[in-house]
J.: 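Below are the structure tokens for one structure; questions will follow.
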Amino acid sequence: MEAEYNPHAIEKRWQQRWLEEKTFATGRGGEKYYLLEMFPYPSGKIHMGHVRNYSIGDVVARYQRMQGRDVLHPMGWDAFGMPAENAAIAHGVHPAAWTRRNIDEMRAQLRRMGFSYDWDRELATCDPDYYRWEQVFFLKMLEKGLVYKKKSQVNWCETCQTVLANEQVENGCCWRCGEETEGKDLEQWFFRITAYAEELLAGCDELKEGWPERVITMQKNWIGKSVGAEIDFPVEGRELKITVFTTRQDTLYGATFMSLAPDHPLAAELARGTGQEEAVAAFVDKMRRQERSDRDLAQLEKEGVFTGSYCLNPVTGRKMPIYLANFVLSGYGTGAVMAVPAHDQRDFEFARMYDLPIIVVIQPEGEERLDPATLTEAYTGEGVLVNSDRFDGCPNRKALDLIAAYLEEQGIGKKAITYRLRDWGVSRQRYWGAPIPIIYCDKCGVVPVPEKDLPVTLPEDVDLDGSGGSPLARVESFVKTTCPQCGAAARRETDTMDTFVESSWYYMRYACADYDQGPLEREAVDKWLPVDHYIGGIEHAILHLLYSRFFTRVLRDLGYIKFSEPFTRLLTQGMVIKDGAKMSKSKGNVVDPNALIEKYGADTARMFSLFASPPELDLEWNDQGVEGSFRFLSRLWRLVYALLPALNGVEAYNGSIAEVPAAYAGLRRKTHQTISRVRSDVEERMHFNTAISAVMELVNELKSYSCDQAREDEILAALLREAVETVILLLAPIVPHICEELWAEIGGSGELAYAPLPEVDPDSLIEDTVLVVVQINGKVRERLTVARDLDSEEVKKLALASSRVQKYTDGKTLRKVIVIPNKLVNIVV
RNA sequence: GCGAGGGUGGCGGAAUUGGCAGACGCACUAGACUUAGGAUCUAGCGGUAUAACCGUGGGGGUUCAAGUCCCCCCUCUCGCACCA
């Protein structure tokens with residue numbers, strides 16, 4: 001054994017060995033455990049976020065193996081996407097070649113980190129053997145009506161030259177490049193995720209145990225369920241009605257006008273012949289232009305225009321002017337809102353702006369009567385109905401149900417539920433993605449590619465010049481085909497699928513990465529799925545995680561799988577930041593993992609990223625902290641080096657604490673306390689930072705023993721052996737290379753990666769004497785060491801007898817003495 | 001505006017049930033070893049007027065006892081944002 005810790009040679013040796021011996025392949029027996037981290041986009045270089053994410057995952061994977069589980073821990077590549085295409089445009093490299101090269105580079109880097117993947121299951125989503133199955137899913141979904149094509153206004157990113165799904169637009173900007181998006185009318189393919197809205201929402205309850213509440217809340221809000229009613233308002237003098245959606249049908253009697261979205265289909269129709277045609281057209285036009293420039297809709301003043309038409313309140317018969325209003329969204333509900341200015345702030349502002357009538361229909365109990373004339377804001381609280389005919393006096397909560405039922409009875413409305421969630425637009429006008437398996441025939445129309453003709457492969461020979469439009473549309477050999485139904489000349493769909501489709505099912509494919517008879521091998525998937533523990537960044541709280549939950553349900557309904565929730569437990573780790581900001585090239589605060597590995601080795605990089613903070617918090621990068629982690633590993637190395645002669649050939653202590661001489665009982669106790677702390681920190685809380693500090697304490701304690709001492713005392717040698725083995729075993733999942741090496745040096749038995757974790761001896765945790773704190777009026781004045789479980793009266797006597805205590809009690813009256821066994825005495829004087 | 005989560009030494013962070021606030025690490029200080037030290041080891045390290053007092057964003061409360069529970073306020077981060 002070398003005297004100094006030299007990570008590079010060690011790490012290289014063990015990494016090679018793990019690879020050659022396929023140490024981390026599954027099938028060694030034990031209960032299955034599927035641990036997965038979100039797979040990376042192969043940008044070419046791993047970054048600190050990856051190091052952290054995968055270090056956390058690797059600890060869990062290795063820990064579970066040492067717990068006797070059969071662990072599936074795969075890695076692959078989210079390999080389709082725009083950076084490859086942009087690189088092609090900028091540097092003339094083919095996206096396929098660029099991607100392959102990056103994958104090779106990143107795979108090597110991940111190996112250098114010593115992560116325990118089963119590399120035989122590696123997959124890349126740009127591989128036709130992967131995306132061909134996705135095309136199969138597309139066709140089956142089409143058959144089931146879960147895929148459809150429609151022309152609608154979609155989010156267009158000019159920089160990325162493609163359409164984006166709603167989930168991929170943040171504050172009106174592209175999630176990828178940050179450019180503002182614009183509305184564009186395009187014909188697009190959609191996945192009917194809304195068909196699963198209710199189930200996706202209900203499923204959230206199932207996830208409460210294993211998912212962070214934050215993520216569940218975000219998903220729930222995104223789905224955005226509202227329970228209310230749809231109500232029909234007849235248009236005066238025409239055979240037309242306007243249907244609104246409202247959650248406040250209890251305020252129906254107070255509806256005094258109607259607001260429609262500026263792009264409501266009836267807008268022009270309602271204005272016709274009223275003299276308002278021009279005003280309406282001008283307003284609609286203005287709104288359309290404003291859409292792009294003014295994103296801060298919430299700040300915008302209420303604005304609208306009278307259409308010239310009226311509708312009738314179906315319960316009061318009141319004539320209600322119909323307005324177009326800038327705050328009504330066409331995409332939500334029915335795009336029409338009954339306006340109740342007394343009880344809705346937006347309607348109130350609008351009414352004041354255009355001098356529209358306000359009727360109070362809910363009166364807060366026990367308060368002064370609300371007066372429309374003096375109202376300064378809408379009253380949105382609870383109360384009792386007034387001015388509401390037969391419902392007067394009814395509490396408004398109760399009225400919600402009663403009025404909904406009444407509307408149904410009268411045939412003028414019904415209970416209704418609306419979701420905020422929209423269908424998932426999956427068409428992308430880019431090259432580097434999975435082709436959508438559809439053919440357009442002039443005679444037969446939209447024709448799915450027959451399954452036997454799959455995959456529809458991406459043509460290699462493509463001209464990527466960044467000129468816009470779908471690049472595939474310019475590849476004649478790809479576009480030109482024949483109709484599978486009638487044989488006539490036909491064209492292929494030239495859009496590709498959103499890359500989030502690939503990541504919606506890759507975790508299932510790992511169970512059977514080489515299977516070629518279908519997308520999923522039933523037996524393998526039944527065995528391994530769902531994922532027991534999924535680890536990744538919070539940025540996918542909605543996007544990837546929602547799509548995956550949807551896709552899982554689709555595949556279940558297509559008969560491929562039996563489960564509904566893909567990820568039983570989810571850990572969202574925080575960002576890696578430096579100098580108070582997220583690491584980024586533009587800020588110049590990027591730390592390169594490669595440089596770190598070269599300087600300190602992978603174990604140091606792993607250890608620091610686990611030690612600096614608990615996983616769910618942001619991690620502040622600190623170069624000196626890294627140095628500290630390296631120093632600890634060096635200290636550990638030197639400790640084992642120094643004790644080695646006394647440890648070789650010695651069996652770890654295996655007896656009871658009762659037989660340990662008093663002088664060494666503390667060592668035994670510390671060893672087992674450490675096991676206990678590490679186990680609960682890792683198993684229950686996943687707080688590796690405190691687990692590591694517990695081991696550091698044990699190592700600090702071990703420093704006070706010398707090799708010579710141990711050579712003279714068999715029991716001490718056995719205890720030290722036990723302690724050193726414990727340190728190595730507990731740290732093995734965190735810093736595997738150095739631990740493997742030390743394990744080999746001390747002649748540890750068996751393969752470390754599968755060595756059982758040490759068990760706690762409960763007797764060794766118990767101290768014979770305990771420190772009892774003595775407080776006078778809540779302030780610590782004395783510390784007493786007494787026998788454990790000493791009778792409370794005895795403890796009290798001892799406390800009161802202490803000279804230091806007497807100094808405070810002399811001449812005072814004892815009011816009360818509280819004794820907490822084995823902990824504290826509080827004397828109140 | 002709504003929702004969620006934070007605020008503890010110079011710094012990252014501990015404190016699992018209300019029971020010694022500051023574990024562990026970094027930085028810092030002193031000493032040892034040394035030709036040398038940005039290596040290593042030992043010791044110290046919340047503040048201050050140091051037998052004492054103060055101290056977990058601020059103020060109040062409950063309690064023998066509060067970082068932890070309750071009320072009010074300030075502040076930061078994240079998410080949603082005219083969703084009818």
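Hydrogens, waters and symmetry mates play no part in the numbers below; they use all other heavy atoms, side chains included.
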J.: Between atom CZ in F348(A) and atom P in rG1(B), what is the gap in whole Å?
T.: 19 Å
J.: Heavy atoms under 4.0 Å, any strand shown: does V695(A) hit a base, just sugar-phosphate, or nothing?
T.: nothing
J.: Counting side-chain heavy atoms from C-beta on, which of rA84(B), rC64(B), rG19(B) comes nearest to I820(A)?
T.: rG19(B)
J.: What is the distance from CE of M686(A) to C1' of rU16(B), rounded to the nearest Å?
T.: 17 Å
J.: So if I take every side-chain heavy atom of R346(A) and compare against rC82(B), rG25(B), rA14(B), which nucleotide ends up nearest?
T.: rC82(B)
J.: Taking any heavy-atom pair under 4.0 Å as a contact, classify R815(A): base, sugar-phosphate, or nothing.
T.: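 Since no nucleic acid heavy atom lies under 4.0 Å of R815(A), the category is nothing.
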J.: With rounding to whole Å, what would you report as the distance between rG19(B) and rG38(B) at their C1' atoms?
T.: 44 Å
J.: By nearest atom, which of the nucleotides rC24(B), rC82(B), rC64(B) is closest to the N326(A) side chain?
T.: rC82(B)
J.: When you measure from the side chain of Y705(A) to the backbone N and O of D708(A), does any donor-acceptor pair fall under 3.5 Å?
T.: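 Checking the backbone N and O of D708(A) against the side chain of Y705(A), no donor-acceptor pair under 3.5 Å is found.
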J.: Using atom CZ of F608(A) as one end and atom C1' of rG13(B) as the other, report the distance to the nearest whole Å.
T.: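 Rounded to whole Å, this separation is 11 Å.
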J.: Between rG55(B) and rC20(B), how far is it from one C1' atom to the other, in whole Å?
T.: 15 Å
J.: Donor-acceptor pair, H8(A) side chain versus E598(A) backbone, under 3.5 Å?
T.: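 Yes; judged by distance alone, with no hydrogens or angles, the pair exists.
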J.: By nearest heavy atom, map A694(A) and L617(A) onto RNA chain B; which one lands nearer the 5' end?
T.: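 Whichever sits nearer the 5' end wins; that is L617(A).
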J.: Just say parallel, tilted or perpendicular for the rings of Y354(A) and Y323(A), cut-offs at 30° and 60°.
T.: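 Correct class here is tilted.
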J.: Measure CD/Q624(A) against P/rA27(B) and give the value in whole Å, please.
T.: 5 Å
J.: Is a donor-acceptor contact shorter than 3.5 angstrom present between the side chain of K703(A) and the base of rC41(B)?
T.: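 It does not, because no donor-acceptor pair links the side chain of K703(A) to the base of rC41(B) below 3.5 Å.
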J.: Nearest to the side chain of N622(A) - rC20(B), rC26(B), rC24(B)?
T.: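 That would be rC26(B).
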J.: What interatomic distance, in whole Å, is found between C1' of rU40(B) and the corresponding atom of rG22(B)?
T.: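 One C1' to the other, the span is 27 Å.
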J.: What integer number of Å spans the C1' atoms of rG57(B) and rC53(B)?
T.: 22 Å
J.: Taking only the side-chain nitrogens and oxygens of R422(A), find out if one of them lies under 4.0 Å from OP1 or OP2 of rC83(B).
T.: no
J.: By nearest atom, which of the nucleotides rG25(B), rA27(B), rC80(B) is closest to the R631(A) side chain?
T.: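 Looking only at side-chain atoms, R631(A) lies closest to rA27(B).
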J.: Using a heavy-atom cut-off of 4.0 Å across all strands, would you classify I692(A) as base, sugar-phosphate, or nothing?
T.: nothing
J.: Of the candidate nucleotides rU16(B), rA84(B), rG13(B), which contains the atom at the shortest distance from the side chain of P614(A)?
T.: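 Nucleotide nearest to P614(A)'s side chain: rG13(B).
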J.: Would you please confirm or rule out a distance under 4.0 Å between OP1 or OP2 of rU16(B) and any side-chain N or O of R677(A)?
T.: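 False: R677(A) side-chain N/O out of range (4.0 Å or more) of rU16(B) OP1/OP2.
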J.: Can you list every pair that meets salt bridge (Lys or Arg N to Asp or Glu O under 4.0 Å) and has a residue in residues 773-792 of chain A, with sequence neighbours left out?
T.: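 Every salt bridge (Lys or Arg N to Asp or Glu O under 4.0 Å) pair that includes a residue of residues 773-792 of chain A, provided the two are not neighbours, is E782(A)-R804(A).
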J.: Closer than 4.0 Å, any side-chain N/O of R685(A) to the OP1 or OP2 of rA15(B)?
T.: yes
J.: Using the P atom as the reference point in each nucleotide, state the distance between rU62(B) and rC45(B) in Å, no decimals.
T.: 36 Å
J.: Give me the distance, rounded to whole Å, that separates rA65(B) from rG18(B) when you measure between the C1' atoms they each carry.
T.: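 Looking at atom C1' only, rA65(B) and rG18(B) are 8 Å apart.
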J.: Between T247(A) and R781(A), name the one whose nearest nucleotide on RNA chain B is closer to the 5' end.
T.: R781(A)
J.: Check for a donor-acceptor pair, side chain of T334(A) on one end and backbone N or O of T243(A) on the other, with a separation under 3.5 Å.
T.: yes
J.: With rounding to the closest Å, how many angstrom separate the C1' atoms on rA23(B) and rU16(B)?
T.: 14 Å
J.: How would you label the contact of G628(A) with the nucleic acid (heavy atoms, under 4.0 Å): base, sugar-phosphate, or nothing?
T.: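 The residue G628(A) makes sugar-phosphate contact but no base contact.
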J.: Please check this pair: side chain of T307(A) against backbone of I322(A), looking for a donor-acceptor N/O pair closer than 3.5 Å.
T.: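 Checked: pair present.
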J.: Find the distance F688(A):CZ to rA14(B):C1' and express it as a whole number of Å.
T.: 17 Å
J.: Expressed in whole Å, how much space separates the C1' atoms belonging to rG46(B) and rU56(B)?
T.: 11 Å
J.: From the list rA21(B), rU16(B), rC64(B), which nucleotide is the closest neighbour of the side chain of N826(A)?
T.: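 The closest nucleotide is rC64(B).
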J.: Counting Watson-Crick and G-U wobble pairs whose two distances are both under 3.5 Å, find the runs of 3 or more in a row that involve RNA chain B.
T.: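 Paired runs of 3+ in RNA chain B: B:1-7 with B:74-80, B:10-12 with B:24-26, B:28-32 with B:40-44, B:57-61 with B:69-73.
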J.: Could you check which of rA84(B), rG19(B), rC24(B) has an atom nearest any side-chain atom of L824(A)?
T.: rG19(B)
J.: Check every strand shown and say whether D347(A) touches a base, only sugar-phosphate, or nothing at a heavy-atom separation below 4.0 Å.
T.: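 If one applies the 4.0 Å heavy-atom cut-off, D347(A) turns out to touch nothing in the nucleic acid.
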J.: Whole angstroms only, please: what is the CG-P distance between L731(A) and rC24(B)?
T.: 16 Å
J.: Take the protein atom CZ of R420(A) and the nucleotide atom C1' of rA84(B), then report the distance between them rounded to whole Å.
T.: 14 Å
J.: Whether the E167(A) and Y547(A) side chains hold a donor-acceptor pair (N or O, under 3.5 Å, no angle test) is what I'd like checked.
T.: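 Yes - a donor-acceptor pair under 3.5 Å links their side chains.
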J.: Which residue pairs satisfy the ring-ring contact (aromatic ring centres under 6.0 Å, His included) criterion with at least one member in residues 610-640 of chain A, sequence neighbours excluded?
T.: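 Qualifying pairs, neighbours excluded: Y5(A)-F630(A), Y5(A)-W637(A), Y600(A)-F630(A), F608(A)-W621(A).
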J.: Between D618(A) (side chain only) and M575(A) (backbone N and O only), is there a donor and an acceptor less than 3.5 Å apart?
T.: yes
J.: Between the side chains of E198(A) and Y419(A), is a donor N or O closer than 3.5 angstrom to an acceptor N or O?
T.: yes
J.: Using a heavy-atom cut-off of 4.0 Å across all strands, would you classify N221(A) as base, sugar-phosphate, or nothing?
T.: nothing
J.: Which nucleotide in the list rA84(B), rG25(B), rC20(B) gets nearest to the side chain of Y332(A)?
T.: rA84(B)
J.: Could you tell me the separation between the CG atom of D250(A) and the CG atom of L400(A), rounded to the nearest 0.5 Å?
T.: 4.0 Å
J.: Would you indicate which nucleotide in rC20(B), rC53(B), rC24(B) comes nearest to any side-chain atom of K779(A)?
T.: rC53(B)
J.: Checking one value: the base orientation of rG59(B), syn if chi is within 90 degrees of 0, otherwise anti.
T.: anti
J.: Tell me: CD1 of I216(A) to P of rC78(B), nearest whole Å?
T.: 22 Å
J.: Give E684(A) one of three labels, base, sugar-phosphate or nothing, depending on what nucleic acid heavy atoms sit under 4.0 Å from its own.
T.: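 The residue E684(A) makes no contact with any strand.
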J.: May I ask you to say what D618(A) touches in the nucleic acid, namely base, sugar-phosphate or nothing, with a heavy-atom cut-off under 4.0 Å?
T.: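 The answer is sugar-phosphate, as D618(A) gets under 4.0 Å only of primed atoms, P, OP1 or OP2.
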J.: Please determine whether a side-chain nitrogen or oxygen atom of N700(A) lies at a distance below 4.0 Å from atom OP1 or OP2 of rA23(B).
T.: no
